[in-house]
Amino acid sequence: MANRLKIVRTVPSLRRALEPYRRARAHIALVPTMGALHRGHMALVSEARRRAKCVVVSIFVNPTQFAPHEDFASYPRNFATDLRVLREAKIDLVWAPSVEDMYPDGFATRVMPEGAAKVGLEDEFRPHFFGGVATVVAKLFTQVSPDFALFGQKDYQQLRVVTQMAKDLDMPVKVIGVPTVRESDGLALSSRNAYLSVAERAVAPMLHRVLKQCANRIKNGEKVDHVLNVGRIEIDLAGFVLDYLEARHALSLAPIESSKDGPIRLLVAAKLGKTRLIDNVAV
Ligand code: PAF
């Protein structure tokens, strides 16, 4: 079996490349990405390597999860650098289809998730997002047929939506959430951090600081509503435009009123200049 990085761009060549692993009954792990890889992605790759003989990284900037006014055109694309990093990490296969291969003329099917996808949060601000994510991830699961698929906990609602989709549609894949990788000042790694100016980059870790303070205060018995209201004001004063700061049930993402309704996850999304940042922590 190959120990040289293979790059495949069509479904038939993907199937051919995976065939030897299937014949050998080797486990396959998929790390779905949109490229512009950073240490957060590489943590997914390490976890994939721990679990499977064959690691596939998909690189596909998925147009259906961006609204027309969003950053699809300017989303960071560093394919050559990504390949170099993946080669060093000794992964087996890069699955990099074109938009035309993923969504050929006449493509007419969408997966529309409910449950965690319809409880507000990201869905309220990006209503197109989870339909696009679920559709492309369902396609990636069908194309690669992985035993394991690794997603970052940084996109916590996405992780819950994809986990539920795999369960509901009896997809034979174990979805695994990998803890968020952070800069030393707490900022969650994200390809979109590249958009931050120097001044914004200095303010950005505040989001995680507020999340942690809120989590500690809730753990210490303070009322959830009060703690979140203080957190919202702090985020506002730091110069963010807040989309949401909420406490949700960690699995269903249903709204919760008191810490007794937990386990609780705190989730936040806010804009700093033109950059939209999201983050979350467990309570
Ligand atoms: O998290 C991402 O990078 C994307 O939403 C994903 C899961 C690769 C689907 O396009």
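Read the numbers this way: they start at 1 and go in the same order the structure lists the ligands and their atoms.
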One finds that the ligand 1 atoms under 4.0 Å from a non-hydrogen atom of V136 are 9 (C), 10 (O)
P32 heavy atoms within 4.0 Å reach ligand 1 at atoms 8 (C)
Q158 heavy atoms within 4.0 Å reach ligand 1 at atoms 1 (O), 2 (C), 4 (C), 5 (O), 7 (C)
Atoms of ligand 1 under 4.0 Å from any heavy atom of Q65, numbered from 1 in the order shown, are 4 (C), 5 (O), 9 (C), 10 (O)
Logged contact type for V162 with ligand 1, heavy-atom cut-off 4.0 Å, is neither
### Message
Pairing donors with acceptors under 3.5 angstrom, does anything connect the side chains of Y75 and N62?
### Response
no
Under 4.5 Å between any side-chain heavy atoms of L277 and F240, yes or no?
yes
For T33, the atoms of ligand 1 under 4.0 Å from one of its heavy atoms are 8 (C)
Ranked by distance from atom 3 (O) of ligand 1, the top protein heavy atom is M34 CG, 3.6 Å
For F151, the atoms of ligand 1 under 4.0 Å from one of its heavy atoms are 7 (C)
**Message:** Run R126 and D243 through salt bridge (charged side-chain N to carboxylate O under 4.0 Å, His left out) and show every step you take.
**Reply:** CA-CA 11 Å; R126 306 185 69 197; D243 280 351; over 6 Å; no
Between R9 and I7, is there a donor-acceptor pair closer than 3.5 Å when you use the side chain of the first and the backbone of the second?
-> no
Exercise. Do Y195 and K274 come close enough that some side-chain heavy atom pair is under 4.5 Å?
Worked result: no
Self-check item: Stacked cation flag R77 on F72, 6.0 angstrom / 45 deg
Solution: yes
